[in-house]
Amino acid sequence: HGKAPVGVSRRAKKHGVPCIALCGVIGEGAEKVYEHGITALFSAVRKTADFEEIKCTCRDDMRLLVDAVIKTLLIGSKT
C-alpha cells in the first residue's frame with residue numbers, strides 16, 4: 001500500500017534525490033505517492049493475470065521493466 005516506498009521517497013526528497021518505485025502492480029490511487037516525493041512508478045506486470053500466468057511471463061516482464069527504467073534514467077544523457 002505504498003508505506004515503505006513513501007517513507008523512502010520522503011527521505012530522498014529531503015536530500016534532493018529522485019526516487020522511483022518498482023512495483024509488481026500499480027493499483028488504483030497510486031498517483032497519490034507523487035505528493036510524497038516519488039518521481040516515477042514502474043510496474044513489472046504488463047496486464048491483469050492470475051499467478052500461474054504471471055509465473056510464465058515474469059522473466060519477460062522483468063526484462064521489460066529493467067529496460068524501461070534504464071531508458072528513463074538515460075534520458076538527457078545522450079548528446
Side-chain angles (χ1 to χ4, degrees):
H1 297 284
K3 289 180 256 175
V6 166
V8 171
S9 68
R10 285 180 178 162
R11 294 182 91 182
K13 188 176 181 178
K14 285 181 185 178
H15 299 283
V17 176
C19 182
I20 60 174
L22 307 180
C23 311
V25 176
I26 298 172
E28 187 175 327
E31 69 279 354
K32 293 177 185 172
V33 299
Y34 294 129
E35 299 167 10
H36 300 283
I38 289 182
T39 306
L41 295 168
F42 292 90
S43 174
V45 178
R46 292 181 275 170
K47 63 179 183 169
T48 303
D50 63 28
F51 184 66
E52 290 303 314
E53 186 176 349
I54 290 171
K55 284 192 324 186
C56 293
T57 62
C58 66
R59 288 183 190 267
D60 285 336
D61 292 342
M62 291 304 293
R63 181 184 52 76
L64 289 171
L65 172 65
V66 170
D67 189 52
V69 171
I70 289 172
K71 286 181 180 191
T72 301
L73 294 173
L74 292 175
I75 290 174
S77 67
K78 296 180 181 179
T79 53

Engineer: When you check the gap from the basic side-chain N to the acidic O, do Asp67 and Lys71 get nearer than 4.0 Å?
Structural biologist: yes

Engineer: Is Leu41 reachable from Val25 through a run of hydrophobic residues whose side-chain heavy atoms are each under 4.5 Å from the next?
Structural biologist: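 Val25 does not cluster with Leu41.
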
Engineer: Should Ile20 and Tyr34 be regarded as members of a common hydrophobic cluster, given that ILVMFWY residues are connected when their side-chain heavy atoms come within less than 4.5 Å of each other, either directly or indirectly?
Structural biologist: no

Engineer: With the threshold set at 4.0 Å, does a side-chain nitrogen-carboxylate oxygen contact exist between Lys32 and Glu35?
Structural biologist: no

Engineer: How many angstroms lie between NZ in Lys55 and CG in Asp50, if you round to the nearest 0.5 Å?
Structural biologist: 9.5 Å

Engineer: Testing the basics here: between Thr72 and Ala68, what is the closest heavy-atom pair and its distance to 0.1 Å?
Structural biologist: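 Residues Thr72 and Ala68, closest heavy atoms: OG1-O, 2.8 Å.
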
Engineer: Looking only at heavy atoms, which two atoms of Pro18 and Gly16 are closest? And how far apart?
Structural biologist: CD-O, 3.8 Å

Engineer: Counting heavy atoms not belonging to Arg11, are there more than 12 under 6.0 Å from its CZ?
Structural biologist: no

Engineer: Answer with yes or no whether the hydrophobic clustering places Phe42 together with Val66; edges join I, L, V, M, F, W, Y residues whose side-chain heavy atoms lie under 4.5 Å apart.
Structural biologist: no

Engineer: To the nearest 0.5 Å, what is the distance between CG (Leu65) and SG (Cys58)?
Structural biologist: 12.0 Å

Engineer: In this structure, would Ile38 and Ile26 fall into the same cluster of hydrophobic residues linked by side-chain contacts under 4.5 Å?
Structural biologist: yes

Engineer: Linking I/L/V/M/F/W/Y whenever any side-chain heavy atoms sit under 4.5 Å apart, do Leu64 and Leu22 land together?
Structural biologist: no

Engineer: Say whether, by atom type as modelled, one donor and one acceptor occur between the side chain of Ser9 and the main chain of Cys19 under 3.5 angstrom.
Structural biologist: no

